[in-house]
There are 2 protein chains.
Amino acid sequence: MAIELSNEQLFLHVVEAGSFKAAAEQLGIDPSLVSRRIVSLEQRLNVKLMTRSTKRSYPTEAGEQYYQGLRKLLDEQQALESQISQTNEIPSGKLRVAAPHDFARQFVLPVLTQMNELYASLSIELTLSSQYEDLIGQGIDVAIRVGELPDSSLRSKKLGEVRRVLVASSAYLMRKGVPTDITMLSEHDFIFYSGAQAQKPIEIGAKSVKVQGRFIVNSVSALRDLVLQGQGIHLGPKWAFNEALASGDVVQLFKDQPLKGFPLHALYPCRAFVPAKVRVFIDTLYAQCQQQGLG
Amino acid sequence: MAIELSNEQLFLHVVEAGSFKAAAEQLGIDPSLVSRRIVSLEQRLNVKLMTRSTKRSYPTEAGEQYYQGLRKLLDEQQALESQISQTNEIPSGKLRVAAPHDFARQFVLPVLTQMNELYASLSIELTLSSQYEDLIGQGIDVAIRVGELPDSSLRSKKLGEVRRVLVASSAYLMRKGVPTDITMLSEHDFIFYSGAQAQKPIEIGAKSVKVQGRFIVNSVSALRDLVLQGQGIHLGPKWAFNEALASGDVVQLFKDQPLKGFPLHALYPCRAFVPAKVRVFIDTLYAQCQQQGLG
DNA sequence: ACACTTATTGCATTTTTTGCATTTAATAAA
DNA sequence: TTTATTAAATGCAAAAAATGCAATAAGTGT
């Protein structure tokens, strides 16, 4: 069986498969061929790319660098070729997404599972994290970010606006009383999401009020649990509380007063040709966000 | 003789050589081989890349797109490989520079001739123009820009600051009188460079004065000729008048008053790995600018 | 229409690629 | 330390491809 891959593409497979043999099996070729071609690549570059061992073969430092760079370049080349050959580009290869945990569960996962079903030759790696500042450039294709954008040399597409709500459980309000004026908030127990916004004064309309609380948690779902348990008032993303609001478990305070929302962005590397997998993912996620009320 | 080029690289050669035969001769291979490999590439992409003819063969529209994209990607891959293999990267391939005419003659050309002598496998294409807004992305590797940067998705490196001087010939001043106060400038004949700055009030120190004139020219050297011929006062880049000032043909007015300069930038596409040819060019040009008093 | 140049095709040859069987090397268990 | 196990490298022969030469076809300019 002939091989239709270049040595460089084969190298990517080997790194991702974790061993020469695994790569050979996935591609239906002889392991010796994999070995020979990697050696040939190493000789051309005059650098050892893989550290061989029985259990697993790892890329060397140079190999890791080469892998990261090549993956982008070859993805981009594929995008270019799809474009010029007027082929409907089909997402393929490995799509690596980084997103905040709770947002991802609600918005990203459905998109990824849909893409997974739709495109047979696509594999997916989802990194859930709240700390992925500089993950791009380390192999992440798309990162989702809530809040103002930092500088960065990345491209961005605005997916929508995260509206925020001030919520508390009816049990809590029963116990502590319903604040009828914004200034009354300072007398209440607050629950904060960690990060820049935590413990900052809350701005509602033109007014600003300093609030207090003892819980700071970096998980939206954990915060929702705390709210439902009546631990206090929380200023959080509307999407996380839609259900609880509908069921009446949670009450929205100052419903008619405007609260500043957060912009929501997809960040991806700046390149001339954006691979289909990235484009389709962002487009689908955008549609998803619009549809679910993050317009 | 074996060929060490991929079909894609060969395609770049063919486009640049202008015909299959020329490419074959440059590479020391048979023209039939060139033909076959281009056909093979066309079949893989399912698109006709070249329009064949006897005298010259041109890329089709798809071919042109593919050429532009590939050139960048392969340059970048080469930069990546040089980096990981710790090879001192040697500038090679085609370096395409766009720069304003007169600035290029004084600053860019020396750098390019030096690079041309230093690097045997480098070829150079210099586009002299004052209108090259969006040339990058159309095959230009580096563009030089005087003045404030527009937005753009390009990377930039500040090369220096173009200091400006207010100059006139002694003959002109003899005839029209030497302005001793800034407000007196409004009574003089001015010569303008075309563009945004033309005919705008001149700001010297804290003062601003509206000036008049009938010449607007988009050439620094032509403007210098006009100044030398005593046609009027000109606010122009200092570097263009250094010689004339030293020889006394031209007199600098309000020498001790600060005049706002223009920033000078090199713009180049945003990519993960900047090819050696681009890096070396910018670095050398930077040194050149610093040395010639554009710090 | 003719001369001339370039691209393409047929074919024989050389070179490279590939898989199988085997050897070598490395890790893990006894 | 020895042994069992698994992966990577190597020798070799078969298969596939890449290549150059010579001949043909196609396009350009006179």
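Within every chain, numbering begins at 1; the chains are lettered A, B, ... in the order of the sequence lines, protein sequences first and strands thereafter. Only heavy atoms go into these numbers, but all of them, side chains included; no hydrogens, no water, no symmetry mates.
In summary, the side chains of B/Glu16 and B/Ser123 do not present any donor paired with an acceptor at a separation below 3.5 Å, with no hydrogens or angles considered. Side chain to side chain, A/Gln68 and A/Glu64 meet the donor-acceptor criterion of an N or O pair below 3.5 Å.
Look at A/Arg52 and A/Glu42 and you find a salt bridge, because one of the NZ, NE, NH1 or NH2 atoms lies within 4.0 Å of a carboxylate O, short of that distance. With respect to the salt-bridge test (charged N to carboxylate O, under 4.0 angstrom), the residues B/Lys72 and A/Glu76 do not qualify.
Of the possible polar contacts, one joining the B/Lys277 side chain to the B/Lys94 backbone as a donor-acceptor pair under 3.5 Å is found.
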Please tabulate, one pair per line, each protein N/O and nucleotide N/O from nucleotides 7-13 of chain D that are separated by under 3.5 Å, including the distance.
residue : atom : partner : partner atom : Å
D/dA7   : O4'  : A/Thr54 : O            : 3.1
D/dA8   : OP1  : A/Phe20 : N            : 3.0
D/dA8   : OP1  : A/Ser57 : OG           : 2.9
D/dA8   : OP2  : A/Lys21 : N            : 2.9
D/dA9   : OP1  : A/Arg52 : NE           : 2.5
D/dA9   : OP1  : A/Arg52 : NH2          : 3.3
D/dA9   : OP2  : A/Ser35 : OG           : 2.5
D/dA9   : O5'  : A/Ser35 : OG           : 3.4
D/dG11  : O6   : A/Arg36 : NH2          : 2.9

Taking only nitrogen or oxygen atoms into account, show me every contact under 3.5 Å that the protein makes with nucleotides 23-25 of chain D, one pair per line with its distance.
none

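Taking atom CG on A/Leu41 and atom C1' on C/dT17, their separation rounds to 16 Å, with Å as the unit. Look at CZ on A/Arg37: it is 10 Å from P on C/dG19, rounded to the nearest Å. Between the CD1 atom of A/Ile38 and the C1' atom of C/dT18 there is a distance of 15 Å, given to the nearest Å. Rounded to whole Å, atom C1' of C/dT17 lies 14 Å from atom CG of A/Leu5. Rounded to a whole Å, the CD atom of B/Gln43 is 12 Å from the P atom of D/dA18.
For the pair B/Asn7/B/Phe11, no side-chain contact is recorded, criterion being any heavy-atom separation below 4.5 Å from C-beta on.
Shown here is A/Ile124, whose CD1 atom has more than 12 heavy atoms of other residues, nucleotides or ligands within 6.0 Å.
Taking the salt bridge (Lys or Arg N to Asp or Glu O under 4.0 Å) definition, one finds that B/Arg44 meets it with A/Glu81, B/Glu8, sequence neighbours left out.
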